[in-house]
Amino acid sequence: MMKKNAILRLPPRLAACAGLALLLLAGCSALPDKPARATLYDFGPGPAASAPAANPPAAALPTLALAEIESNTRLDSTQILYRLGYADANELRPYGQSRWSLAPAQLLRQRLRDALAERRTVLGPEESATIARAEGKVPDTLRISLDEFSHYFDSASSSAGLVRLRATLIRGTTGGDRVLGQRSFTVRRPAPSADAPGGVKALAAATDAAVAEVVQWVDQLPRQ
């Protein structure tokens with residue numbers, strides 16, 4: 001490294017350049033490290049990836065339209081949220097370096113669509129509208145409202161994935177929409193660890209259980 005008295009003996013222009021180089025080197029050594037990239041999570045490949053389904057083929061039950069899932073604004077983000085029920089159950093807190101790959105409502109809709117499609121044809125809102133225009137009839141529509149989706153801590157050492165949603169099955173008629181059924185579902189599954197990865201596993205398990213309950217409920221509704 002060039003010493004200060006050596007810089008002073010250089011011509012003014014060269015001395016200025018050398019001094020600037022030293023300042024830049026000093027600045028670079030003080031730069032902070034790059035921020036850590038957040039770890040992304042989803043619900044995994046799903047039960048169908050590990051075992052073939054024994055259900056009847058698709059279209060064995062009437063075609064169903066699955067609406068976009070509604071949720072509050074906090075659940076529209078990709079943050080993984082937790083609650084400290086033993087301290088302040090009213091406060092939602094995000095894990096700092098962990099994120100969902102999609103918003104929870106979108107992940108839930110993918111899981112529910114796949115489960116319903118094992119036994120019937122499942123359409124999106126746009127596909128349902130297209131059929132209505134072409135055939136003059138509208139498939140029944142399943143609407144889901146996601147009200148709670150958090151890693152809930154009963155204590156510092158005990159926690160669970162908590163999913164709460166409301167399902168409504170609607171039939172469109174010439175006289176307007178008619179509610180065929182409505183039910184709320186609340187599912188908890190224990191978390192294997194008190195951190196973001198543990199919360200993700202618990203919420204994935206709770207989601208799969210809630211989806212199974214919704215599918216069973218829809219399938220058992222009377223076809224009025």
Side-chain angles (χ1 to χ4, degrees), residues 41-44 46-47 61-83 85 89-95 99-129 131-132 138-152 159-173 176-189 191 199-200 202-224:
Y41 294 94
D42 59 19
F43 294 159
L61 293 173
T63 298
L64 185 69
L66 180 60
E68 297 296 334
I69 293 179
E70 300 176 357
S71 63
N72 61 53
T73 53
R74 194 63 190 271
L75 295 179
D76 286 340
S77 75
T78 59
Q79 292 179 325
I80 300 176
L81 303 174
Y82 66 95
R83 293 182 189 270
N90 298 112
E91 183 180 1
L92 276 172
R93 309 165 189 240
Y95 282 108
R99 293 286 188 275
W100 295 112
S101 59
L102 297 170
Q106 293 175 272
L107 292 171
L108 170 61
R109 188 177 185 278
Q110 288 179 350
R111 211 61 149 192
L112 181 56
R113 180 195 60 203
D114 292 345
L116 289 167
E118 292 180 5
R119 294 171 56 83
R120 65 175 81 224
T121 299
V122 181
L123 304 177
E126 294 182 359
E127 296 167 319
S128 177
I131 288 181
V138 182
D140 294 341
T141 300
L142 179 61
R143 299 185 182 278
I144 302 291
S145 174
L146 182 60
D147 301 321
E148 179 70 20
F149 196 85
S150 66
H151 185 190
Y152 189 89
S159 62
L162 176 60
V163 175
R164 187 173 70 250
L165 56 87
R166 184 176 67 258
T168 306
L169 188 62
I170 296 174
R171 174 164 296 170
T173 67
D177 291 342
R178 181 160 61 94
V179 175
L180 299 180
Q182 185 177 77
R183 181 180 164 186
S184 294
F185 301 83
T186 300
V187 180
R188 290 170 58 108
R189 288 295 183 270
V200 165
L203 282 166
T207 298
D208 284 341
V211 163
E213 290 187 22
V214 171
V215 171
Q216 183 180 30
W217 173 73
V218 172
D219 289 352
Q220 291 178 348
L221 280 176
R223 303 178 193 177
Q224 305 173 20

side-chain contact (heavy atoms from CB on, under 4.5 Å) between S150 and L92, worked out: CA-CA 8 Å; S150 66; L92 276 172; 4.2 Å; yes
Return yes when atom CZ of R93 has more than 12 non-hydrogen atoms of other residues, nucleotides or ligands closer than 6.0 Å, and no otherwise. yes
Is any side-chain heavy atom of W100 less than 4.5 Å from a side-chain heavy atom of I80? yes
Would you compute the distance between atom OG1 of T141 and atom CG of L169 and round it to the nearest 0.5 angstrom? 8.0 Å
Test item: P94 and R74 side chains (from C-beta on) under 4.5 Å apart, heavy atoms: yes
Worked verdict on D140 versus I170 for side-chain contact (heavy atoms from CB on, under 4.5 Å): CA-CA 6 Å; D140 294 341; I170 296 174; over 6 Å; no
R109 (side chain) donor-acceptor with L66 (main chain) under 3.5 angstrom: yes
Heavy atoms only: give me the nearest P125-A67 pair and the separation to one decimal. CG-CA, 4.2 Å
About how many Å separate CG of L81 and CD of E91, when rounded to the nearest 0.5 Å? 11.0 Å
What is the distance from atom CG of L61 to atom OG1 of T121, rounded to the nearest 0.5 Å? 10.0 Å
Less than 4.5 Å apart, side chain to side chain, heavy atoms only: is that true for L146 and L108? yes
Are T207 and L107 side-chain neighbours, meaning at least one heavy-atom pair lies under 4.5 Å? no
Is there side-chain contact between L64 and L116, with heavy atoms separated by less than 4.5 Å? yes
Applying side-chain contact (heavy atoms from CB on, under 4.5 Å) to L203 and F149, what does each step give before you reach the verdict? CA-CA 7 Å; L203 282 166; F149 196 85; 3.9 Å; yes
Salt bridge (Lys or Arg N to Asp or Glu O under 4.0 Å) assessment of D219 paired with R119: CA-CA 9 Å; D219 289 352; R119 294 171 56 83; 2.8 Å; yes
Within the distance-only criterion (no hydrogens, no angle test), does the side chain of R113 pair as donor or acceptor with the backbone N or O of G124 below 3.5 angstrom? no
Interatomic spacing from CG in N72 to CG in D147 - rounded to 0.5 Å: 7.5 Å
Contact between V211 and D114 at the side-chain level, heavy atoms closer than 4.5 Å - yes or no? no
Donor-acceptor pair, distance only, cut-off 3.5 Å: does the side chain of R99 make one with the backbone of Q79? no
Positive for side-chain contact (heavy atoms from CB on, under 4.5 Å) with L142, one of V214, V215, I69, T168: V214
Pair E148 + R166, salt bridge at N-O below 4.0 Å: no
Can you list the residues that meet the salt bridge (charged side-chain N to carboxylate O under 4.0 Å, His left out) rule with E70, with sequence neighbours excluded? none
Between S77 and P104, the two heavy atoms sitting closest are O-CD, 3.2 Å
For A103 against T78, the heavy-atom pair lying closest together: N-CG2, 3.9 Å
Contact check, side chains of V200 and F43, non-hydrogen atoms, under 4.5 Å: no
State, to 0.1 Å, how close A202 and G161 come at their nearest heavy-atom pair, and which atoms those are. CB-N, 3.3 Å
Is there a side-chain contact (heavy atoms from CB on, under 4.5 Å) between F185 and R164 once you walk through the steps? CA-CA 6 Å; F185 301 83; R164 187 173 70 250; over 6 Å; no
If I compare all heavy atoms of R188 with all of A160, which pair ends up nearest, and what's the gap? NH2-CB, 3.8 Å
Using the test side-chain hydrogen bond (donor to acceptor under 3.5 Å, both in side chains), find all partners of Y95 that sit at least two apart in sequence or belong to another chain. H151
Between the side chains of R111 and D208, is the shortest nitrogen-to-carboxylate-oxygen separation below 4.0 Å, so that they form an ion pair? yes
Distance, nearest 0.5 Å, that separates OH of Y152 from CZ of R83: 8.0 Å
How far apart are the closest heavy atoms of A105 and S71, and which atoms are they? CB-OG, 4.0 Å
So do the side chains of Q216 and V218 get within less than 4.5 Å of each other, counting heavy atoms only? no
